[in-house]
A.B. asks: 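The structure that follows is given in the form of structure tokens.
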Amino acid sequence: MLLTMTTTHQPATDLGHLLHKHPDRAQSFTTSSGVAHVFYPKATNEECTVALLLEVDPVALVRGPGSTLTQYVNDRPYAAGSLLTVALGSVFRTAMNGRSESYPELARTPIPLVVRIPALPHRLAKRLFTPLGWDVSIIGHGDSRYGDVTLTGTLKVSDALKHLYVLLPVLDGGKHYWVAADEVDKLLKAGDGWLAAHPDKELITTRYLARKRPLVLSALERLAEVDEVEPEELDNALAEPKISLAAQRKEAVIKALKQARAKRVLDLGCGGGALLRELVKEPEFTEIHGVDVSAKALREAARKLHLDRTSDRVRERITLRQSALTYADAELAGYDAAVLMEVVEHVDPSRLPALEHSVFAVAKPRTVLVTTPNVEYNPLFETLPEGQMRHSDHRFEWTRAEFREWAGGVAERRGYAVRHVPIGPEDAERGAPTQMAVFSSGEAN
């Protein structure tokens, strides 16, 4: 399998200093994947190309008891994936860490790069590389899932290598070795500075960790930030509010829960426990279950709820559980109501169907409350720059029509009725700052 990297930064042969491999020498390295050859097909001041060629013995790859012909005949030695990633990390480890004693400033400087991988599963290539600053072009190989992929961008060499290290096995969708807990550390080290902000961080994490749920949850927890979802300064920025928007939102949610006569309540995406602290004050909520992907957030919720010193009676009403909302969790079934307060906008749009399935089909509470920002109202926040979303982690913010369309589709697909409730001071043209959908199934639990 082959990978090349080209730069036109001048003098282009400085690429050799960044990679710690001299352009005038062809070198070979024995790796766990096979023999990796590093050479420079072109090395001039105007343009320099380095090539990494990995030779894998297909027989040695599967040799052992029980081997069959079908094991020997496979694409592993030829298509870019985890085998090439192992070689990449072994041969260019120092460069990947961004270290260059002779050219430290250049190592910190984005330079024009063109990376070509002639045989790569390409279905997700544009989706995963484009948010990182790459232009992606693909030449397909007929009906094959493989293509000749070229990435073009201006990036630091270390960042480019980290992107490749993580995303090549993600695109391939499998690994040639057992995925254990240390893979989480490898992922987070290589993903430092870019993975947490990637719109498909959950997809990347899931595929990189071979869909092993405990490892995926651990990685996502370490990537997650503890926040109250919307910044309080915006919640309090309305003109002369009698009560803050954050408080109005919690008040509206609790009112809707009481109207639904809910006793057993799920707070999905509970974060640091802002809603949980209000729910526990209401005696009619006899069982309160807070769920979040972040263990750090759950620890913060436990601290703010004073679970270490509150009465046994209160402690028996509250359960905190680590789980991702896009994973079906049968343990969450059977509750009267579920609340997603300012949560959906933190989920990548492509993952909303998974969230819908886990909440409305698996947990399937009698009542579901979903609150989310109304983007039409944003211009009325004087401190919010034009065109900017209310929180840096928001993946989208819906208009009232968009929210109604999504909620109506969910209700129709999952057998719920839905009504909409505005929260906060309403503007005649732009509506209220927060919008809430109240889903009711009419079924007794």
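Fair warning: this is a prediction, and the values are worked out from it, not measured in the lab.
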A.B. asks: Which residues pass the ring-ring contact (aromatic ring centres under 6.0 Å, His included) test with Phe396, sequence neighbours left out?
C.D. replies: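 Counting only residues at least two positions away or on another chain, Phe396 forms a ring-ring contact (aromatic ring centres under 6.0 Å, His included) with Trp398.
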
A.B. asks: Please enumerate all residues that pass salt bridge (Lys or Arg N to Asp or Glu O under 4.0 Å) together with Arg317, with sequence neighbours excluded.
C.D. replies: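 Residues passing salt bridge (Lys or Arg N to Asp or Glu O under 4.0 Å) with Arg317: none at all.
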
A.B. asks: By side-chain hydrogen bond (donor to acceptor under 3.5 Å, both in side chains), which residues pair with Thr319, not counting sequence neighbours?
C.D. replies: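 Partners of Thr319 under the side-chain hydrogen bond (donor to acceptor under 3.5 Å, both in side chains) test: none.
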
A.B. asks: Got Pro433 and Pro425 here, is their nearest side-chain heavy-atom distance under 4.5 Å?
C.D. replies: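 In short, these two side chains touch, coming nearer than 4.5 Å.
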
A.B. asks: Taking NZ, NE, NH1 and NH2 as the nitrogens, is one of them in Glu300 or Lys296 under 4.0 Å from a carboxylate oxygen of the other?
C.D. replies: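 Salt bridge between Glu300 and Lys296, a charged N being under 4.0 Å from a carboxylate O: no.
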
A.B. asks: Restricting to salt bridge (Lys or Arg N to Asp or Glu O under 4.0 Å), what partner residues turn up for Arg99, sequence neighbours left out?
C.D. replies: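 Not a single residue meets the salt bridge (Lys or Arg N to Asp or Glu O under 4.0 Å) criterion with Arg99.
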
A.B. asks: Which ring pair (Phe, Tyr, Trp, His ring centres under 6.0 Å) pairs, counting each pair once, include a residue from residues 409-437, with sequence neighbours left out?
C.D. replies: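 Passing the test, one end in residues 409-437: Phe360-Tyr416, Phe403-His420.
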
A.B. asks: Would you say Asp336's side chain and Val265's backbone share a donor-acceptor pair under 3.5 angstrom?
C.D. replies: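 A pair under 3.5 Å: no.
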
A.B. asks: Please determine whether a side-chain nitrogen of the Lys or Arg among Asp143 and Arg145 lies less than 4.0 Å from a carboxylate oxygen of the Asp or Glu.
C.D. replies: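 No, no charged N to carboxylate O under 4.0 Å.
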
A.B. asks: Go through the structure and list residues passing side-chain hydrogen bond (donor to acceptor under 3.5 Å, both in side chains) with Glu376, not counting sequence neighbours.
C.D. replies: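 Counting only residues at least two positions away or on another chain, Glu376 forms a side-chain hydrogen bond (donor to acceptor under 3.5 Å, both in side chains) with Arg400.
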
A.B. asks: Taking only residues at least two apart or on different chains, which pairs with a member in residues 256-286 satisfy ring pair (Phe, Tyr, Trp, His ring centres under 6.0 Å)?
C.D. replies: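 Ring pair (Phe, Tyr, Trp, His ring centres under 6.0 Å) check on residues 256-286 returns no pairs.
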
A.B. asks: Could you list all the side-chain hydrogen bond (donor to acceptor under 3.5 Å, both in side chains) pairs where at least one residue sits in residues 188-201, not counting sequence neighbours?
C.D. replies: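 Qualifying pairs, neighbours excluded: Arg127-Asp200.
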
A.B. asks: Looking just at side-chain N and O atoms, do Thr371 and Arg249 make a donor-acceptor pair shorter than 3.5 Å?
C.D. replies: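 Their side chains do not contain a donor-acceptor pair, so the 3.5 Å distance test is not met.
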
A.B. asks: Can you list every side-chain hydrogen bond (donor to acceptor under 3.5 Å, both in side chains) pair that touches residues 114-126, not counting sequence neighbours?
C.D. replies: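 Listed once each, the pairs are Arg116-Asp148.
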
A.B. asks: Show, in sequence, the C-alpha distance, side-chain angles and deciding distance for Lys258 and Glu282, and conclude whether the salt bridge (Lys or Arg N to Asp or Glu O under 4.0 Å) test is met.
C.D. replies: CA-CA 10 Å; Lys258 290 181 177 180; Glu282 307 291 338; 2.8 Å; yes

A.B. asks: Keeping to residues at least two apart or across chains, list the salt bridge (charged side-chain N to carboxylate O under 4.0 Å, His left out) pairs with something in residues 349-359.
C.D. replies: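 Non-adjacent pairs meeting salt bridge (charged side-chain N to carboxylate O under 4.0 Å, His left out): Glu202-Arg351, Glu356-Arg413, Glu356-Arg414.
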
A.B. asks: May I ask you to say whether Lys212 pairs ionically with Glu183, meaning some side-chain N is under 4.0 Å from a carboxylate O?
C.D. replies: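 Between Glu183 and Lys212 there is no salt bridge, as every charged N stays at least 4.0 Å from the carboxylate O atoms.
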
A.B. asks: What pairs with Glu105 under side-chain hydrogen bond (donor to acceptor under 3.5 Å, both in side chains), at least two apart in sequence or on another chain?
C.D. replies: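 Result, side-chain hydrogen bond (donor to acceptor under 3.5 Å, both in side chains) vs Glu105: Arg108.
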
A.B. asks: With Arg222, which residues qualify under side-chain hydrogen bond (donor to acceptor under 3.5 Å, both in side chains), at least two apart?
C.D. replies: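 Testing Arg222 for side-chain hydrogen bond (donor to acceptor under 3.5 Å, both in side chains), a comparison that skips the adjacent residues, returns Asp185.
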
